[in-house]
Amino acid sequence: MDYNFRAIEAKWRTFWQENKTYKTEIDNSKEKFYVLDMFPYPSGAGLHVGHPLGYIASDIYARYKKHKGFNVLHPMGYDAFGLPAEQYAIQTGQHPAITTAANLKRYREQLDQIGFSYDWDREVRTSDPNYYKWTQWIFLQLFHSYYNTELDKADDIKNLVALFEKEGNAAAKAHGDQETVFTAAEWNAMNEKEQQAILMNYRLTYLSDSFVNWCPALGTVLANDEIKDGVSERGGHPVERKKMQQWSMRITAYAERLLTGLDQLDWTDAIKEIQRNWIGKSVGALVSFEIDQHKEKIDVFTTRPDTIFGVSFMVIAPEHELVNHITTAEQKKAIEAYQVKAAARSERERMADVKQVSGEFTGAYAKHPFSGNLIPIWIADYVLASYGTGAVMAVPGGDQRDWDFAHKFGLTIPVIIEGQNISEGADANKEGIICNSDFLNGLKVKDAIVKAIEAMEAKGIGKGKTNYRLRDAVFSRQRYWGEPIPIYYKNGIATAMDESELPLELPEVDKYLPTEDGEPPLARAENWKTAEGHPIETNTMPGWAGSSWYFARYLDPNNTGEFASQDALNYWKNVDLYMGGAEHATGHLLYARFWTKFLNDKGFLPFDEPFKKMINQGMITGNSRFIYRILFSIDQSGINDNDIIKNIEFDGKLIHISKEYYEAWTNSSITKPDEKNLSEQLKLLIKEHEASETERLKAIYPNFKGKVSYWATPSSIIKAQIPIKHVDGYSLNVEALKNDKEFSNYMNSTFLFQNQFICLGEIEKMSKSKFNVVNPDNIIESYGADTLRLFEMFLGPLEQSKPWDTDSIEGVHRFLRKFWRLFHDGENNFSVTNAEPTKEELKVLHKTIKKVEDDIERFSFNTVVSAFMICVNELNDLKSNNKTILEQLVILITPYAPHIAEELWHKLGNTESVTLQAFPKFEAKYLVESSHKYPVSFNGKMRFMLEMPLDLSKEEIEKTVMEHEESQKWLDGKTPKKVIIVPKKIVNIVI
RNA sequence: GCGGAUGUGGUGAAAUUGGUAGACACGCUAGACUUAGGAUCUAGUGCCGCGAGGCUUGGGGGUUCGAGUCCCUUCAUCCGCACCA
């Protein structure tokens, strides 16, 4: 073999490792550059081809910056705590630490194969006690802090306590949930428990009640995406909205700074926009409504206080704390039924489903703050308890959801904007003139908002307020595999551990499940108490805790005295280029910004944004394969007992049909199997199945009088996802699937097909659960890491998502071999010439230097690969093997294909690593042209090319063009109306 | 529902500031070399048309000498939505 990539890549990987080529130290003589990848969660499936996309791009950039003379920090580590390892532990009993260690080992092997320039001496793992010691330490800092709204930064909670002792909380400038006011005397009279409860309303991490998706059967809280159709994805158990005491992070204190800080960041507008929407700043008013015959009030936030006279009813969330209190006896039953129904629906469903309007009247009335009219109070699930105050003043004239609601329940829809037509729907127009609104009549919306707020403030019933959609982040997890929270309970009071007790290490437990009483797994740990015998917090931290500050740990990863030294922090500072997926827009990227701002407030970090520039690599989508499964139904006419239907489970005799059968079926209007077009074989199969299932049911349920039958339409055929590994193209290897132990339900399945079983193909997210993951290992085995690196970049623009398709990988591999052959003769002997490079050779080289440099700078990695290909093709055409040219070219290609570059660099007679060489200097003088080939257009359509010297004046160009015989042909005797000449660009003649 | 993207040949794509649409590859067709080819090389390849030529960047409209690029409108697909990380 001419280009022996296996030998070359193995050789240089060892060389780099032994020589610590990628080791990085502080070097004050050089400018720093910090390139960071979002670190991976090491899943059991290993690295798939989507991961390296971003890693390769950032590695190219890091290597490029190093060639450009920067001191580049480029570390890697692992987000090693997480749910999948815990799930696996629950299923197998294996400790998540063991699973995680095994996964890490595999990730490392895979990463090493690709030839990244990581400084592995800086690796971090969030599950390592030496690491999470500092995650816990940050938690304690947050616990000991509150947000001082006067200084507009975090401050020591002791300062707040001192203030309370002196003057109470009336004048306290602090962000918090404390609603009642107390004097210094009252504060000082409180016992410790009462004082601590009040401080919880100010601490930046605090205990409070939050709503969660509680699954009683699993004894745990579920994420939205673990819930499908209102039941748990695992096991199908019911899930309810439940209030639980949880740790939260007071990120809302930072809402405004998180919002304005975005302006300084070099991120895509899309991500910034997502964060702005997430923070959701809206300016409006908080209005209090009195409740008739009750002393409580309902607060609502509105962005349109000008519409106050358009309010004809109120809607509060079914979970609102006042619902049970104000509901009248007559309405009690209906309200309770509705609450149960609403609790069973996920927030997502409630938000998405606007077509089905539902709600229930509480029987209570609120008093309109200006008119005093009684307005009915309803509950409805389109109002979410967790958003705003959990209550809205309904203005059906101006809000479509309110309009739908009023329309359905026959509530009045007042007109409050002149000329408004609201017979068919609400009118949210903000341009009109207010009417039917007492003192607001005749005003424009903008002015009415101001006046309404003034009136509310004067009357003491409301005030102007800025609201944020952002909610405090729930921080407790009822899980095992996460950081323990360094809190213990002294007589029921949550108390911070001392820093000297960190790390609080994760204890051993007998099982990774919640206890029988529904307590988190840590409650199973023996002696989970402090030395004094106080119980320790049993919740753990969420996955995002460790990843909210890891970028800082890389700067000084082995420091035991502090999370990073000031020297390291001041030299490396924040991340200059952050590479990762856009899917973290509202999670990790917001939390990391929040912690950074906090640590900056406290003087621990010398910067207040973690990631200066960010590039979001697009997803590599996978190829999924599906087969069609026929669903059988039961003819219900013969059944009296509903329970039978619920309890019936069909046995393993699934029927699967290939694509052509499916299409034969759906393309006809046939709904019964006994009609034409369906093969006799399928008809027979279905009949047989009907009969055997009917017999089986009769045997199990003696009073079953019906039969299993096929009344089905094509919609009762479902798509079943099958692993791509058993499919060649679209043709399924039926035997392999049947024999796959992971898919035992296919063992007795019937497959109906002609010649070969054709599957349906779809492009979707590459994920283990979709069985469509492709690992990079076999690509590297067949083509080498350099080919993989070039190929992943060649696929298309980095930021766009694209399907994984290896068809064109040959072309990239062929390019590397062509590149190799530039340095070798026909017998694969190394052969270059020391002659002076020719003008043409220099032109090719410098054209390429410019293109490569410009494109890497603008993160257009795919076009660089094309530029290399063009360069090699052109040198090939010139039969060039000039050493001077090739030496420069080798450096140029090093960031993309470091192994082959290192090999050729050494063959050229060099001994130092190519990765340490200076980037070739572009010199414009080699590209100077004396003439330009002008495209000549008539009426904007290009007709012919004409080469003309660059020093011609516009007049001379026009003259030359008009005299040309092609021009005469297209002019066809007419006189041009206009001639447009753009020097060095185009000529356009308008006829 | 809200929010964010993306639509260009048979395929992945290029066109950086409004200036030659389809670079570079894959695939395909024909040929050369070869015992052989899933190696290598040469030529061709957006669509329609014998040709002159016409058409072409999801659809429709607009601005402009000139639009893939700017504006309006519409359709389709993908992604995220607070406990997956």
Side-chain angles (χ1 to χ4, degrees), chain A residues 38-43 79 81-84 87 212-213 220-227 246 268-271 273-274 276-278 280 347-355 382 386 401 469-479 542-544 547 581-588 590 616 618-619 621 763-765 767 769 791 794-797 799-803 805-812 814-815 817 821 854-855 858 860 862-863 865-870 873 933-945 976-980 982 984-991:
Chain A
M38 286 186 190
F39 61 178
Y41 173 78
S43 84
D79 191 6
F81 275 133
L83 209 48
Q87 298 291 7
V212 293
N213 298 312
T220 188
V221 175
L222 299 178
N224 276 342
D225 72 31
E226 292 177 291
I227 304 168
Q246 308 253 301
T268 63
D269 288 335
I271 296 273
E273 196 56 25
I274 290 170
R276 282 190 195 104
N277 285 321
W278 193 256
E347 245 178 56
R348 183 90 53 85
E349 281 178 304
R350 285 168 59 170
M351 281 187 284
D353 188 8
V354 291
K355 296 204 176 67
Y382 76 87
S386 50
R401 279 185 307 186
R469 201 176 76 97
L470 183 72
R471 313 204 287 251
D472 280 343
V474 176
F475 198 70
S476 298
R477 296 291 183 271
Q478 295 71 46
R479 314 275 189 204
W544 53 267
S547 59
E583 67 273 19
H584 300 277
T586 53
H588 162 62
L590 203 59
N616 305 112
M619 199 174 29
T621 46
I763 302 288
E764 52 182 5
K765 196 170 166 171
S767 144
S769 64
F791 177 64
F794 192 60
L795 275 177
E799 305 200 53
Q800 238 161 280
S801 79
K802 49 213 158 235
D805 184 358
T806 51
D807 279 353
S808 56
I809 200 166
E810 294 282 351
V812 172
R814 213 170 282 159
F815 155 74
R817 297 172 61 168
R821 284 203 300 268
D854 287 356
D855 284 4
R858 68 188 177 100
S860 174
N862 53 328
T863 51
V865 182
S866 303
F868 288 142
M869 288 176 170
I870 292 168
N873 287 345
K933 257 189 155 178
Y934 283 89
V936 181
S937 306
F938 289 80
N939 286 341
K941 288 199 168 68
M942 208 279 286
R943 295 304 182 184
F944 62 93
M945 303 294 289
K977 284 188 193 132
K978 203 171 171 186
V979 177
I980 289 132
V982 185
K984 237 194 145 179
K985 285 260 160 71
I986 53 112
V987 177
N988 189 17
I989 296 154
V990 187
I991 317 173

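A, B, ... follow the sequence lines: proteins, then strands. Residue 1 opens every chain. Source: prediction; values computed, not measured.
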* Remember a base hit wins even if backbone is also touched, and classify A/I271 as base, sugar-phosphate or nothing at under 4.0 Å, heavy atoms. => nothing
* **Donor-acceptor contact present, side-chain A/Y934 to main-chain A/K985, <3.5 Å** => no
* Is there a donor and acceptor pair closer than 3.5 Å between the side chain of A/Q800 and the base of B/C78? -> no
* Structure fact -> Considering only heavy side-chain atoms of A/N862, the closest of B/A82, B/C26, B/A14 is B/A14
* Asked: For the pair made of NZ in A/K978 and P in B/G66, what is the distance, rounded to whole Å?
  -> 9 Å
Output one line per pair: protein atom, nucleotide atom from nucleotides 16-21 of chain B, and distance, for all N/O pairs under 3.5 Å.
| unit_1 | atom_1 | unit_2 | atom_2 | d |
| --- | --- | --- | --- | --- |
| B/U16 | O4 | A/K851 | NZ | 3.0 |

* **Rounded distance in Å - CD1 (A/I870) to P (B/A15)** => 11 Å
* Between A/N873 and B/C24, is there a side-chain N or O to OP1/OP2 distance below 4.0 Å? -> no
* Asked: Could you state the CG-P distance from A/L795 to B/G12, rounded to the nearest angstrom?
  -> 11 Å
* How far apart are the closest heavy atoms of A/D79 and A/S547, and which atoms are they? -> OD2-CB, 4.3 Å
* To do: Under 4.0 Å between any heavy atoms, over every strand shown, what does A/S866 touch: base, sugar-phosphate, or nothing? Just pick one.
  => base
* **Sugar-phosphate only, base, or nothing, as touched by A/S476 at under 4.0 Å among non-hydrogen atoms** => base
* So what does A/W544 touch, heavy atoms closer than 4.0 Å: a base, only the sugar-phosphate, or nothing? -> nothing
* Asked: Expressed in angstrom and rounded to an integer, what is the separation of A/I274 atom CD1 from B/G4 atom P?
  -> 8 Å
* To do: Ignoring backbone atoms, test whether A/R943 places a side-chain nitrogen or oxygen under 4.0 Å from the OP1 or OP2 oxygen of B/G54.
  => yes
* Asked: What are the two closest heavy atoms between A/P935 and A/I986, and how far apart are they?
  -> CG-CG2, 3.7 Å
* State whether the side chain of A/R469 and the backbone N or O of A/N277 hold a donor-acceptor pair below 3.5 Å, judged by distance alone. => yes
* Hey, does A/E799 reach any base, or is it just sugar-phosphate, or nothing, if we go heavy atoms under 4.0 Å? -> nothing
* Structure fact -> Using Watson-Crick geometry (N1-N3 plus N6-O4 or O6-N4) or G-U wobble (N1-O2, O6-N3), each under 3.5 Å, B/C78 is paired with B/G4
* Nucleotide nearest A/D79 when distance is taken to its side chain, options B/A25, B/A82, B/A85 -> B/A85
* To do: Please report, rounded to the nearest Å, how far the P atom of B/A23 is from the CZ atom of A/F868.
  => 20 Å
* Would you find a donor on one side and an acceptor on the other, under 3.5 Å apart, between the side chain of A/N988 and the backbone of A/G940? -> yes
* Want to settle it: does A/W278 or A/P797 sit nearer the 5' end of RNA chain B, counting the closest nucleotide to each? -> A/P797
* When rounded to the nearest 0.5 angstrom, what is the spacing between NZ in A/K978 and CG in A/N939? -> 12.0 Å
* To do: Mark yes or no for whether A/S808, through its side chain, and A/G811, through its backbone, hold a donor-acceptor pair below 3.5 Å.
  => no
* Can you see which heavy atom on A/G796 is nearest to which on A/K802, and at what distance? => O-NZ, 3.9 Å
* **RNA chain B: 5'-proximal contact among A/V990 and A/T586 (nearest heavy atom)** => A/V990
* Structure fact -> Atom CG of A/N616 and atom C1' of B/C78 are separated, to the nearest Å, by 16 Å
* With syn defined as a glycosidic angle within 90° of 0 and anti as everything else, classify B/G38. => anti
* What nucleic acid atoms does A/H584 come within less than 4.0 Å of, heavy atoms only: base, sugar-phosphate, or nothing? -> base
* Go ahead and name the base partner of B/U57; Watson-Crick or wobble counts if both distances stay under 3.5 Å, otherwise write none. => none
* Given B/C26, is OP1 or OP2 found less than 4.0 Å from the side-chain N or O atoms of A/R814? -> yes
* Distance in angstrom units between A/E273 CD and B/G3 P, rounded -> 9 Å
* So does A/R821 get a side-chain nitrogen or oxygen closer than 4.0 Å to the phosphate oxygens (OP1/OP2) of B/A39? -> no
* To do: Kindly assign one of parallel, tilted or perpendicular to the pair A/F475 and A/W544, based on the angle between their ring planes and the thresholds 30° and 60°.
  => perpendicular
* Could you state the NZ-C1' distance from A/K802 to B/C79, rounded to the nearest angstrom? -> 14 Å
* Asked: Any side-chain N or O of A/R477 less than 4.0 Å from the OP1 or OP2 oxygen of B/C83?
  -> yes
